[in-house]
K.L.:
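Let me begin by handing over the structure; questions about it come next.
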Amino acid sequence: MTETAATQPVGGDQPAGYDPAAVERRWQARWEAEATNVTDLSDGPRPFYALMMFPYPSAEGLHVGNLFAFTGNDIYGRFQRLKGHTVFEPLGYDAFGIHSENFAIKVGVHPGELIPRNIDNFRRQLKRAGLMVDWSHELSTTDPSYYKWTQWVFLQLYEQGLAYKKRAAVNWCPFDKTVLANEQVEHGLCERCGTPVEQRFLEQWFFRITDYAGRLLANLDRLDWSESTLVAQRNWIGKSEGAELAFPVQDVMSFAGSATVNEGTSGEVVATPLEIRVFTTRPDTVFGATYLVLAPEHPLVDQLASDEQRTEVRAYVELAAKQDLITRKTSKEKTGAFTGAYATNPATGQPIPIWIADYVLMEYGTGAIMAVPGHDERDFEFATQYDLPIVRVVAAEGESSDTPLNQAFTETTACTLVNSGRFDGLRVEEARSAIVTELAAQHAGRPVVNYRLHDWCISRQRYWGPPIPIVYCDTCGTVPVPENQLPVLLPQIEDFRPDDSGVSPLARHEEWYHTSCPKCGAQARRETDVSDTFLDSAWYFLRYPSSDRDDVPFDQALTKKWLPVHSYIGGNEHAVLHLLYSRFITMVLKDAGHIDFEEPFTRFRAHGLIVREGAKMSKSKGNVVNPDQYIELWGADAFRTYLMFLGPFEEGGDFRDKGISGVKRFLDRMWKSVHDARRDGAADAEVLRKLHQTIKKVGNDVARLSYNTAIAAMMEYMNTLRAGERTPHVDEVRPLVQLASPFAPHIAEELWSVLGETRSIFDSGWPSYDEALVAEDLVTMAVQVNGKTRGTITVSKTASQDEAVAAAMAEANVAKFITGPVKRVIFVPGRLLNLVV
RNA sequence: GCCGGGAUGGCGAAACUGGCAGACGCGCGAGACUUAAAAUCUUGUGUCCGAAAGGACAUCCGGGUUCGAGCCCCGGUCCCGGCACCA
């Protein structure tokens with residue numbers, strides 16, 4: 001390209017060719033120099049926070065999937081800006097966590113050195129993509145000025161009694177000597193080294209997210225989120241309504257206070273009958289409960305075991321403890337042991353044996369179940385295995401109390417109770433409440449709602465994360481680090497590898513580990529666990545607007561103005577954890593009075609996945625797309641536009657190398673059209689009509705993230721614009737440049753200046769359309785005979801049914817098929833006419 | 001097993017509320033320009049029959065509702081994703 005080419009007046013005779021690299025370099029420099037993308041957060045009557053989930057800065061650099069998502073968000077942000085909003089589009093890095101740490105261990109470089117390097121590379125790549133990012137608010141979760149406030153968030157939960165410590169099972173890899181997340185265990189083996197994973201019990205920090213289960217679930221109904229994400233959250237929270245029932249244990253007494261699960265009261269020295277509480281969603285089947293099963297970890301197991309059964313029971317408990325958490329939950333084989341004790345079924349009054357088995361999980365319900373083998377598949381399997389009685393208590397129509405059961409009968413609709421004493425004949429739905437009411441009157445039961453959601457374990461026995469801001473003092477106990485002593489800095493240590501001890505590598509660093517008690521000043525020890533990466537990302541959206549503030553986690557006025565986030569975009573792999581934790585933390589901060597809203601993301605859309613030639617991209621398959629290469633070859637504008645064109649944004653699509661050429665051709669034609677455009681004479685009326693139709697369609701499509709069809713509409717307009725090698729008029733091309741600008745921002749800016757404009761196109765406003773012009777005066781309608789299309793007619797858009805029928809009859813091919821009298825006419829104005837003969 | 005999403009030309013895909021199936025793009029065929037090629041432009045392109053006009057058949061399979069079904073209902077096959085002994 002020559003120097004003068006870009007500034008060649010419209011109508012100049014020899015427009016220069018389109019050189020994406022030069023154009024993109026020029027405009028990126030100019031945006032930076034003129035701070036085009038820096039948002040004045042204190043200004044702007046119509047703020048719009050367009051957020052994309054921040055990336056984990058991997059060593060491999062930006063993935064094409066990342067870029068797909070970022071571009072999708074950027075287009076939406078740019079569109080909102082053109083629509084007159086003040087748009088804030090920040091970006092940051094989720095750089096703490098096991099991923100970074102494992103990679104650092106692998107290559108033998110300290111993560112503190114590796115991460116800044118990766119971030120530099122990410123920033124370079126993201127900038128090249130031409131995102132409208134306000135880089136002055138960039139953040140990284142690994143920065144002490146950020147994690148200081150992550151620790152502050154922890155303290156907020158601690159102060160509200162929502163953070164607590166308890167012993168819990170973790171997956172432990174004896175070879176890598178590390179705690180593993182559930183996702184890192186495959187078929188009971190460590191995903192990295194293949195060593196069988198063991199279960200270990202460690203003291204860990206938890207957040208009481210279960211206290212918020214009801215609210216987290218109820219609010220979902222009023223969120224404008226992708227349906228699939230809402231469903232995933234509902235399933236994860238897993239509400240189930242049922243009852244807690246009490247089964248008294250025979251001949252075993254206990255001291256009050258230790259007798260029941262979930263009820264730690266005073267230690268009165270009064271012997272009370274021991275009872276087992278169970279949770280069930282089928283209280284209607286209580287007459288069929290022929291035995292009880294406790295989880296092997298249930299606190300009453302040892303007390304219940306009879307002398308002759310004790311050895312067997314202990315062996316089983318030990319075996320269960322050895323098994324890793326994943327295998328236990330996936331192997332369907334039923335095993336268990338009889339405790340030797342019996343309980344009384346409160347409905348039948350009959351004694352039933354108490355068993356332990358690992359198919360019952362301690363962390364759900366009460367850790368104990370009443371087994372109804374007749375009507376539960378798992379119980380049936382277990383009962384068959386151990387020869388326990390199976391009783392039918394529910395019967396379908398045509399069945400009776402003694403219709404044999406050769407498998408569990410789990411149907412409930414149109415079923416009635418049998419073998420259930422005075423409840424016989426009741427429909428299942430009626431029996432549920434009737435039985436609970438009856439048992440409640442005897443203090444043997446109550447209705448209960450249970451959630452599958454567990455409390456959030458945030459402890460990580462690792463190095464690369466924010467230290468949990470807690471100190472242990474021999475006299476003062478557990479002491480939170482005062483806010484003015486934050487951050488608790490993560491020390492720079494060389495041996496950050498985890499070891500066999502089961503505690504964080506930080507514990508090996510005496511000078512860090514030993515500290516003084518913030519309360520009494522005596523010698524004390526630091527908590528050595530760091531917090532979960534998901535805590536870092538559960539509040540980052542609150543930090544962006546205030547990222548330059550050191551004195552507060554988030555400024556009150558800015559937060560009020562900019563939050564909740566107007567549009568959030570991200571991958572559905574975070575449908576549950578990240579999005580749920582963010583909602584939880586937001587609710588907690590609201591309850592603590594720090595913010596005045598409790599849902600962080602007003603609108604959320606999950607983007608799709610990019611595959612290549614039908615297969616998921618992976619390094620091992622060697623089909624990973626490196627964005628740099630494509631941007632080099634085609635330009636960021638073409639690459640962005642192609643990514644948005646290859647499939648629906650919310651579904652993703654197939655990346656095919658050749659596909660990009662069509663999009664590049666489109667940009668080339670737009671370039672040429674603007675340079676060639678004539679100013680003399682008038683614009684063509686029909687072209688203008690098409691233009692207005694296009695403005696309408698592109699606006700509607702972009703608003704619902706239907707980017708692929710928006711691009712198709714622009715291409716279609718381009719075909720009209722250039723049909724028959726006509727020379728387009730300036731008025732015909734100017735709005736097109738605006739429509740294309742969110743997709744291809746650099747070329748749009750360039751062409752905008754070619755059109756004589758001096759300000760950024762992104763301050764030019766979104767073109768409007770004239771509804772009267774959009775509607776065609778003449779419409780082409782399909783004419784069907786008996787539902788088969790036989791021709792078309794062109795009539796006025798206001799044509800009546802009679803006029804349409806007359807026009808249709810005049811068509812030879814239609815008349816040909818009218819073999820008898822027309823019995824019925826279906827007339828859809830402007831669309832179709834169907835004659836039934 | 002349960003819960004989502006999906007299956008449309010050679011390929012990526014459109015069709016928003018039941019109304020001309022295949023927009024737009026890739027690829028491919030033909031032509032123009034060129035010494036030639038690339039690029040560009042024009043044009044054709046679901047399948048079958050037909051010179052054409054036109055016709056028949058076509059949205060995973062089998063039924064149904066309707067004047068009319070890719071879309072709604074019933075039954076089934078396959079693919080992708082999530083959860084998974086949750087009582």
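Per chain, numbering begins at 1; letters A, B, ... match sequence-line order. Note that the structure is predicted; figures quoted are calculated from it, not measured.
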K.L.:
Flag yes if more than 12 heavy atoms outside A:Arg831 fall under 6.0 Å of its CZ atom; otherwise flag no.
P.N.:
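No - once you tally the heavy atoms of other residues, nucleotides and ligands closer than 6.0 Å, there are 12 at most.
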
K.L.:
Please enumerate all protein N or O atoms sitting under 3.5 Å from an N or O of nucleotides 39-41 of chain B, with distances to 0.1 Å.
P.N.:
residue : atom : partner  : partner atom : Å
B:rU40  : OP1  : A:Arg665 : NH1          : 3.2
B:rU40  : OP2  : A:Arg665 : NH1          : 3.1
B:rC41  : OP1  : A:Arg669 : NE           : 3.1
B:rC41  : O2'  : A:Glu725 : OE2          : 3.2

K.L.:
Please report the distance, rounded to the nearest Å, between CD in A:Glu363 and C1' in B:rC85.
P.N.:
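Computing the A:Glu363:CD to B:rC85:C1' distance gives 11 Å.
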
K.L.:
Who is the Watson-Crick or G-U wobble partner of B:rA21, with both distances under 3.5 Å?
P.N.:
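Checking every strand shown, B:rA21 finds no partner, since no pair has both distances under 3.5 Å.
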
K.L.:
Could you please name the partner base of B:rA58, counting Watson-Crick and G-U wobble pairs only when both distances are under 3.5 Å?
P.N.:
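Base-paired to nothing in any strand shown.
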
K.L.:
So which atom in A:Asp376 and which in A:Asp379 form the shortest heavy-atom distance, rounded to 0.1 Å?
P.N.:
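Result for this residue pair: OD1-N, 3.0 Å.
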
K.L.:
If you go through the side-chain atoms of A:Lys823, does one of them form a donor-acceptor pair with the base of B:rC67 closer than 3.5 Å?
P.N.:
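A donor-acceptor contact between them is absent.
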
K.L.:
Hey, does A:Glu227 reach any base, or is it just sugar-phosphate, or nothing, if we go heavy atoms under 4.0 Å?
P.N.:
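Contact class for A:Glu227: none.
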
K.L.:
B:rC83, B:rG4, B:rA14: which one has an atom nearest the side-chain heavy atoms of A:Arg452?
P.N.:
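Nearest nucleotide to the side chain: B:rC83.
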
K.L.:
Describe, in one word, how the ring planes of A:Phe382 and A:Tyr359 are oriented to each other, choosing from parallel (under 30°), tilted (30 to 60°) and perpendicular (over 60°).
P.N.:
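If you compare the ring of A:Phe382 with that of A:Tyr359, the planes turn out tilted.
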
K.L.:
Walk me through it: do A:Lys672 and A:Asp668 pass the test salt bridge (charged side-chain N to carboxylate O under 4.0 Å, His left out)?
P.N.:
CA-CA 6 Å; A:Lys672 200 159 155 28; A:Asp668 282 336; over 6 Å; no

K.L.:
Among B:rC67, B:rC26, B:rA87, find the nucleotide with the atom closest to the side chain of A:Ser661.
P.N.:
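The nucleotide sitting nearest to the side chain is B:rC26.
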
K.L.:
Check every atom of B:rA21, B:rC85, B:rA56 against the side chain of A:Arg790 and return the nucleotide holding the closest atom.
P.N.:
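That would be B:rA56.
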
K.L.:
Without decimals, in angstroms, what is the distance between A:Leu580 CG and B:rG82 C1'?
P.N.:
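Between C1' of B:rG82 and CG of A:Leu580: 15 Å.
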
K.L.:
Salt-bridge test for A:Arg234 and A:Asp221: reply yes if a basic N is under 4.0 Å from a carboxylate O, no otherwise.
P.N.:
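Yes, this pair counts.
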
K.L.:
Side chain of A:Thr789 only, heavy atoms from C-beta on: which candidate in B:rC85, B:rC24, B:rC20 is closest?
P.N.:
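Of B:rC85, B:rC24, B:rC20, B:rC20 is nearest to the side chain of A:Thr789.
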
K.L.:
Base, sugar-phosphate or nothing for A:Val828? Non-hydrogen atoms, less than 4.0 Å.
P.N.:
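Base contact.
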
K.L.:
Checking all strands, does A:Leu646 fall into the base, sugar-phosphate, or nothing category for heavy-atom contacts under 4.0 angstrom?
P.N.:
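A:Leu646: backbone/sugar contact only, no base atoms under 4.0 Å.
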
K.L.:
How would you label the contact of A:Ser706 with the nucleic acid (heavy atoms, under 4.0 Å): base, sugar-phosphate, or nothing?
P.N.:
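The residue A:Ser706 makes no contact with any strand.
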
K.L.:
Could you please name the partner base of B:rG1, counting Watson-Crick and G-U wobble pairs only when both distances are under 3.5 Å?
P.N.:
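When the pairing criteria are applied, B:rC83 turns out to be the nucleotide that pairs with B:rG1.
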
K.L.:
What's the closest nucleotide to the side chain of A:Arg656 if the choices are B:rC11, B:rG55, B:rA13?
P.N.:
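Closest nucleotide to the A:Arg656 side chain: B:rC11.
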
K.L.:
Taking the minimum atom-to-atom distance to the side chain of A:Arg704, which one of B:rG4, B:rG19, B:rA15 wins?
P.N.:
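That would be B:rA15.
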
K.L.:
Does the side chain of A:Asn572 pick up a donor-acceptor pair with the side chain of A:Ser226 at under 3.5 Å?
P.N.:
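Short answer, no.
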
K.L.:
Write down the distance between CE (A:Met644) and P (B:rG12), rounded to a whole number of angstrom.
P.N.:
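Taking CE of A:Met644 and P of B:rG12, I get 19 Å after rounding.
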
K.L.:
Students often get this wrong, so: under 4.0 angstrom with heavy atoms, is A:Phe817 touching a base, only sugar-phosphate, or nothing?
P.N.:
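The residue A:Phe817 makes sugar-phosphate contact but no base contact.
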
K.L.:
Classify the glycosidic conformation of B:rG4 as syn or anti, calling it syn when the angle lies within 90° of 0.
P.N.:
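Chi for B:rG4 falls in the anti range.
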
K.L.:
What nucleotide, of B:rC67, B:rG12, B:rG4, holds the atom closest to the side chain of A:Ile826?
P.N.:
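Selected nucleotide: B:rC67.
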
K.L.:
Classify the nucleic acid contact of A:Asn834 as base, sugar-phosphate or nothing, counting any heavy atom under 4.0 Å across all strands shown.
P.N.:
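Here A:Asn834 touches the bases of the nucleic acid.
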
K.L.:
Hey, does the side chain of A:Lys696 come within less than 4.0 Å of B:rC16's phosphate (OP1/OP2), counting only N and O?
P.N.:
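No, because none of the side-chain N or O atoms of A:Lys696 sits under 4.0 Å from OP1 or OP2 of B:rC16.
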
K.L.:
A:Phe645 has a side chain; which of B:rC26, B:rG19, B:rG25 sits nearest to it?
P.N.:
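The answer is B:rG25, which lies nearest to the side chain.
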
K.L.:
Could you tell me whether the phosphate oxygens of B:rC20, OP1 or OP2, come under 4.0 Å of any side-chain nitrogen or oxygen in A:Thr780?
P.N.:
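No, because none of the side-chain N or O atoms of A:Thr780 sits under 4.0 Å from OP1 or OP2 of B:rC20.
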
K.L.:
Does the side chain of A:Asn700 get closer than 4.0 angstrom to OP1 or OP2 of B:rC16 through an N or O atom?
P.N.:
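No.
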
K.L.:
So how far is it from A:Trp355 CH2 to A:Leu294 CG, rounded to the nearest 0.5 Å?
P.N.:
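Rounded to the nearest 0.5 Å, the CH2-CG separation comes out at 12.5 Å.
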
K.L.:
Base, sugar-phosphate, or nothing for A:Arg824, non-hydrogen atoms under 4.0 angstrom?
P.N.:
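If one applies the 4.0 Å heavy-atom cut-off, A:Arg824 turns out to touch a base.
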
K.L.:
Considering every strand shown, what is the Watson-Crick or G-U wobble mate of B:rU35 when both distances are under 3.5 Å?
P.N.:
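The base-pairing partner of B:rU35, which may sit in any strand shown, does not exist here.
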
K.L.:
Judged by modelled atom types alone, do A:Asn450 and A:Ser240 share a side-chain donor-acceptor pair under 3.5 Å?
P.N.:
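The answer is no; no qualifying pair exists.
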
K.L.:
Tell me what A:Asn719 touches on the nucleic acid: a base, only sugar-phosphate, or nothing, going by heavy atoms under 4.0 Å.
P.N.:
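Sugar-phosphate contact only - A:Asn719 comes under 4.0 Å of backbone atoms but never of a base.
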
K.L.:
Of all the nucleotides listed (B:rA23, B:rA87, B:rG19), which has the minimum atom distance to the side chain of A:Ala712?
P.N.:
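For A:Ala712, the side-chain atoms sit closest to B:rA23.
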
